[in-house]
Undergrad: 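Questions regarding the structure given below will be posed in turn.
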Amino acid sequence: MPMIRPFGPLALCAVLVACAHAADETAMVPAAIAPLSPGNPHRGAISDIETAGGKETNPVLASQIADADFKAALRSALLLSGALSASGRYVLSAEIEDITQPLFGVDMQVGLTVRYRLQDRAGKTRWERRIVTRHTARLGEAFLGTERLRYANEGAARENIAAFLRALGAEARAGGVAGVS
């Protein structure tokens, strides 16, 4: 038993260092967003945002994207694009339908599928898109796998929000591969 005791603090340190952290809302906002043009029908059209499908991060398990963080990132991006306004006529519903994450790996690639809907006050869907994005965080970005997974989550969300803004007609840029269907 005396030989095991020195490893206890080392094991505890390893667990604490490798704890998963939630995706950071500011890291999910695209790097470059140009305002919607004055003639764009989506300028000032969104008054509220609803999100669903996100998950809270359990520090013992894998990093996740929480609804509140995704909503905050969307709010920031929509403000920068000029689409968000208190007098808007639509409610944006953004539902995370799927998130694919590796269990382990050198390079961590996350896939994110979000369904965006603009609904009028009567609840009728006026615009809808399903956007699928992927982002890979490489070993050089972070040594710890939990940190690379968080970076991949943030990148996939950033790409997804940028693709959504482009679908609305805004210019938004964030690295990675995005698909709109």
Side-chain angles (χ1 to χ4, degrees), residues 7-33 49-81 84 92-117 128-168 170-181:
F7 295 107
L10 289 176
L12 179 62
C13 286
V15 168
L16 290 176
V17 167
C19 288
H21 296 283
D24 177 20
E25 65 187 63
T26 58
M28 292 189 279
V29 178
I33 301 172
I49 304 166
E50 297 172 354
T51 55
K55 296 179 184 172
E56 294 294 325
T57 296
N58 180 335
V60 180
L61 300 175
S63 174
Q64 297 292 332
I65 299 171
D67 280 334
D69 295 330
F70 192 64
K71 182 177 182 175
L74 267 172
R75 180 173 296 285
S76 295
L78 289 169
L79 278 169
L80 291 169
S81 73
L84 193 64
L92 170 64
S93 171
E95 180 184 358
I96 297 175
E97 293 183 338
D98 187 42
I99 185 164
T100 57
Q101 299 174 315
L103 294 174
F104 56 87
V106 175
D107 292 339
M108 302 280 197
Q109 185 179 71
V110 168
L112 180 65
T113 303
V114 180
R115 180 168 304 277
Y116 295 94
R117 287 184 187 94
E128 184 172 9
R129 294 288 187 283
R130 181 175 174 258
I131 299 178
V132 180
T133 53
R134 289 174 189 49
H135 184 81
T136 302
R138 309 236 180 257
L139 179 62
E141 294 176 55
F143 177 72
L144 294 175
T146 54
E147 200 171 340
R148 279 194 311 281
L149 183 58
R150 179 173 58 93
Y151 289 168
N153 282 340
E154 292 166 349
R158 188 172 51 249
E159 292 294 335
N160 205 284
I161 292 170
F164 166 65
L165 292 173
R166 287 191 300 272
L168 286 181
E171 292 184 31
R173 184 176 39 82
V177 178
V180 178
S181 64

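All figures in this text were calculated on a predicted structure; none of them were measured in a lab.
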Undergrad: Looking only at heavy atoms, what is the nearest atom pair of S81 and L165, with distance?
TA: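 Taking every non-hydrogen atom into account, OG-CD2, 3.9 Å.
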Undergrad: Could you grab the distance from atom CG of L92 to atom CZ of R75, nearest 0.5 Å is fine?
TA: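 With rounding to 0.5 Å, CG (L92) is 10.0 Å from CZ (R75).
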Undergrad: Kindly say whether E128 contributes a backbone atom to a donor-acceptor pair with the side chain of R115 at under 3.5 angstrom?
TA: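 Answer holds: no.
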Undergrad: Answer yes or no: is there a donor N or O on one side and an acceptor on the other, between the side chain of R130 and the main chain of Y116, under 3.5 Å?
TA: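 Checked: no pair found.
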Undergrad: Atom CG in N153, atom CD1 in I65: separation rounded to 0.5 Å?
TA: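 These two atoms lie 4.5 Å from each other.
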Undergrad: For F70 and I96, run side-chain contact (heavy atoms from CB on, under 4.5 Å): C-alpha distance rounded to whole Å, both residues' side-chain angles, the deciding distance at 0.1 Å, then the answer.
TA: CA-CA 9 Å; F70 192 64; I96 297 175; 4.3 Å; yes
Undergrad: If I compare all heavy atoms of P102 with all of M108, which pair ends up nearest, and what's the gap?
TA: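 Nearest pair, atom of P102 first, then M108: CG-SD, 3.4 Å.
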Undergrad: Nearest 0.5 Å, please: how far is CZ in R148 from CD in Q109?
TA: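 With rounding to 0.5 Å, CD (Q109) is 13.5 Å from CZ (R148).
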Undergrad: If you compare all heavy atoms of P30 against all heavy atoms of A77, which two are closest, and at what distance to 0.1 Å?
TA: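 So the two residues come closest at CD-CB, 4.2 Å.
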Undergrad: About how many Å separate CG of L112 and CZ of R158, when rounded to the nearest 0.5 Å?
TA: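 Atom-to-atom, R158:CZ and L112:CG are 12.0 Å apart.
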Undergrad: Could you pull out the closest heavy-atom pair between M28 and I161, with the gap in Å?
TA: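 Answer, listing the atom of M28 first, then I161: O-CD1, 3.5 Å.
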Undergrad: Nearest 0.5 Å please: distance from the NE2 atom of H135 over to the OH atom of Y151.
TA: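 Going from NE2 on H135 over to OH on Y151, the span is 10.5 Å.
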Undergrad: Would you please test T133 and N160 for side-chain hydrogen bond (donor to acceptor under 3.5 Å, both in side chains) and show each step?
TA: CA-CA 6 Å; T133 53; N160 205 284; 3.2 Å; yes
Undergrad: Measure the shortest side-chain to side-chain distance between V110 and Q101 over non-hydrogen atoms and say whether it is less than 4.5 angstrom.
TA: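 SC-SC contact between V110 and Q101 confirmed.
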Undergrad: What pair of heavy atoms forms the shortest contact from R134 to G111, and how long is it?
TA: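 Closest pair (atom of R134, atom of G111, distance): CG-CA, 4.1 Å.
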Undergrad: For the atom pair NZ (K71) and CD (E25), what is the distance rounded to the nearest 0.5 Å?
TA: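 Going from the NZ atom of K71 to the CD atom of E25 covers 12.0 Å.
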Undergrad: If you look at every heavy atom in D67 and A52, which pair is closest and at what distance?
TA: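 Looking at all heavy atoms of both residues, the closest pair is OD1-C, 3.2 Å.
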